[in-house]
Amino acid sequence: MPQPDTIPSVPSRLIDGRSIAEEIHQATADRVAALGRRGIQPRLVFVRVGEDPASRVYVGMKQKTSERLGLSSETFVLPSSTTEEDLLALVCRLNQDPSVHGILIQAPLPPPIRETHVYASVSPSKDVDGFHPVNVGKLMLGDSSGFVPCTPGGIHELLTRSGVSLSGAEVVVLGRGNIVGKPMAAILIQKDKRANATVTLCHSGTREIETHCKRADILIAAIGVPRFVKAGMVKRGAVVVDVGVNRIPDPASKTGTALVGDVDFEALLPVVSKITPNPGGVGPMTIAMLMRNTVRAAELATA
Ligand code: GUN
């Protein structure tokens, strides 16, 4: 579905992830309160292995939000020398603990730990990340009984709640990762009135990536390359979602580095009909979906 040719004013061009996440948090907090009246408190356990600085920040933010919404939470911090066997033993213990409703093991995991093995060991009913093969399969099949990965689930909510029409839209997703790109495509291709898009998934093996981007009504950048998407790559009136969080050298900043997205935001702003700011776009939605998935896990476990 083509987006409007006229470009709205700058404020209405911005997709405000913070306020949309707050709307979702309100509904989640109401569900936490309803569980509380039955004597149930949803409990989310985080596992972080090693001291990846970004993972420390992300897990800290997720835990803080859990507490704000009235969930119980705990973070296990394991040294980077942890073996896969030790990590699997911890997951096994958490799977068996009935007080734990959700388990989140923050990626990336230090090698030689195999992420696929670890995620496959989490009970699908506690897999609030949606990374277990059962949940991945359900998403692909259009079976809504599984858990949807938080970042692509959050982008889907951002788009639908911002009034972006998906049915028939040409969507280009940049990046084929298991956390964003692949599940994003799986969500948007479903035969569902909230999806039904035509999706092109571009990656490092794609020829003429700019030509694909230029065709997109909706462009979702999760490629991990700082400011990869330039103004000349985007159709006038397109909707652009920036998933990237890239640290680059910045001699002008006090820390010597700066965080930038996968799109050249300033250059794209005059061209697009809608765009996510970064920060304040996708990030808060990832957390909102995690909270919602955890409360749903608690509801299902105690139904
Ligand atoms: N690392 C980056 N994004 C995510 C996520 O959504 N879940 C987990 N577990 N790790 C991540």
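Index from 1, following the sequence. Ligands are counted one by one from 1 in listed order, and the atoms in each one are counted from 1 as well. Just so it is clear, the structure is predicted and the values come from calculations on it, not from any experiment.
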side-chain contact (heavy atoms from CB on, under 4.5 Å) test vs Thr276 passes for just one of Leu159, Ile220, Leu158, namely Leu158

Of all heavy-atom pairs linking Cys213 and Leu219, the shortest is SG-CD1, 4.0 Å

Is Arg296 close enough and on-axis enough to Phe147, meaning under 6.0 Å and within 45°, for cation-pi? yes

Near ligand 1 (heavy atom, under 4.0 angstrom), the protein residues are Leu104, Ile105, Gln106, Ala107, Tyr119, Asp129, Phe131, Ile179

Looking just at side-chain N and O atoms, do Asn196 and Ser167 make a donor-acceptor pair shorter than 3.5 Å? yes

Give a yes or no answer on whether the side chain of Asn293 reaches the backbone of Cys150 with a donor-acceptor pair at less than 3.5 Å.
no

Say whether, by atom type as modelled, one donor and one acceptor occur between the side chain of Arg194 and the main chain of Glu157 under 3.5 angstrom. no

